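Numbering of ligands and ligand atoms starts at 1, following listing order. Remember, predicted model here, so these are calculated numbers, not experimental data. Just so you know, residue 1 is the first one in the sequence shown, and it goes up from there.
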Amino acid sequence: MPLSTLHLHAINDDDVRTAGNILRAGGLVAIPTETVYGLAADATNPDAVSRIFAAKGRPATHPLIVHIGEIQTLYQWAANVPDVALSLAAAFWPGPLTLLLPRNPAANPVVAGGLDTIGLRMPAHPVTLRLLRDTGLSVAAPSANPHLRLSPTTAQQVLETMSGTIGAVLDGGPCEIGLESTILDLTQSPPRIVRAGPLSARELSRAAGTNIADFAAHTQAVPGNMRRHYQPRTPLFMSRAEQLARDIGNADGRLGTLFYSDTWESTLQTLPSTQATIQATIRLSGQAEDYARGLYDSLYQLDKMNLDAIWVESPPQTEDWRAVHDRLSRACQI
Ligand code: TXA
Ligand code: MG
């Protein structure tokens, strides 16, 4: 039988307590974080964690990130905590950094998908952080979307895809960053970024006082770090502005475009007549952080319009845009 999913509000203390009670009872609550909404369950409760895999349709071998409220909780989950982990936690937590450490053998293996490592992060959303601290819980929380789909950045998006399968969503407003955390594997030497995210190798190396190997696309063997991921249902294509205009000129059907350059609309005006009709165009910022904040939300909006395709103008290739490029290239059909 479907659950009736509660829409709780982070500004209301009673609602935050209700979220804590559902989690303590082994239920699922979608929680706001600064990156994307997470689908949380008590990380020490194997049945509760299994419900996350079932609700998402995610294979049980794909490990989940454990979200903690206090630095000392690291020791509950990790077999050992190297100094570099403490330096990075001091510099970036609460914040968009997930650390992979050797798993404490006493810690719930279901969370880690059976691996002997564990992913840990302290999220920066103030209400979620207070929830973790007040309840003393550690919560396992993957992004609150069905397996392989776009990560949600608003409570409304969570409800659109997960309503009826989770206990509640705690609405803390739109996510400030909008892309998933940087994942840093501290079990390798040198430590290596295994998922590009808001924090760069340069920033992390500086705080760690040691060299950190950058993310290398397509060479990572992280379970769940799959080529096709973060996908809208609508086919998505990406190319540079001039090529994109030519492609649209040759396309047909109902299209949506997502662009950032200020010449895109005038480029479109110059198109020879085309079979395609452009039903929607969304313009995002030419500044990487602002673009990232709006990316998933824009794709959600376009995906709801029953378009035949979404055409995305490929953003610049500089380091600032690395995480955006990573997500867009996985969202593409080809
Ligand atoms: O920003 C984020 O990280 C968000 C918010 C909710 O915190 N969470 C998130 O979770 O993106 P998820 O499950 O969608 O992505 C977690 C990624 C997966 O690719 C998983 O394979 C990897 O982290 N991961 C987690 N634990 C791991 C481990 N022990 N070893 C290798 N990879 C791990
Ligand atoms: Mg995810």
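- Heavy-atom proximity to G119, at under 4.0 Å, picks out these atoms of ligand 1: 26 (N), 29 (N).
- Inter-residue side-chain proximity for P146 and K56 is flagged as unmet; no heavy-atom pair is nearer than 4.5 Å.
- When distances to the Mg ion (ligand 2) are checked against a cut-off of 2.8 Å, N145 contributes no N, O or S atom below that limit.
- For ligand 1 and I118, the ligand atoms under 4.0 Å from any heavy atom of the residue are 29 (N).
- Between T187, I183, T61, it is I183 that holds the heavy atom closest to atom 22 (C) of ligand 1.
- Side-chain contact between L101 and N80 is absent, with no heavy atoms from C-beta onward closer than 4.5 Å.
- Of all atoms in ligand 1, listed by their number and element, those nearer than 4.0 Å to a heavy atom of G38 are 6 (C).
- Close approach of ligand 1 to R58 (heavy-atom distance below 4.0 Å) involves ligand atoms 12 (P), 13 (O), 14 (O).
- Within the listing of ligand 1, atoms 6 (C), 8 (N), 10 (O) sit less than 4.0 angstrom from a heavy atom of A141.
- Distances from ligand 1 to the non-hydrogen atoms of H67 include at least one value under 4.0 Å.
- Judged by a 6.0 Å distance limit and a 45° cone about the ring axis, R283 is not positioned over the six-membered ring of F259.
- At under 3.5 Å, a nitrogen or oxygen of T35, whether backbone or side chain, sits near a nitrogen or oxygen of ligand 1.
- For ligand 1, none of its N or O atoms has an N or O atom of Y37 under 3.5 Å away.
- Close N/O approach between R195 and ligand 1 is found [any backbone or side-chain N/O within under 3.5 Å].
- Crowding of D83 atom CG: a count of heavy atoms from other residues, nucleotides or ligands under 6.0 Å not exceeding 12.
- The distance from atom OG1 of T257 to atom CG of L244, rounded to the nearest 0.5 Å, is 7.5 Å.
- Proximity to S181 (heavy-atom distance under 4.0 Å) selects the following atoms of ligand 1: 1 (O), 2 (C), 3 (O).
- The side-chain contact (heavy atoms from CB on, under 4.5 Å) test with H67 singles out one residue from L137, V139, T73, and that residue is V139.
- Using a non-hydrogen distance threshold of 4.0 Å, P123 does not register as a contact of ligand 1.
- Side-chain polar atoms of R240 and Q243 form no donor-acceptor pair below 3.5 angstrom.
- Side-chain contact between L74 and L86 is present, with heavy atoms from C-beta onward closer than 4.5 Å.
- Between the side chains of D297 and T154, no donor-acceptor pair is found at a separation under 3.5 Å.
- Distances below 4.0 Å separate heavy atoms of T117 from the following atoms of ligand 1: 28 (C), 29 (N), 30 (N).
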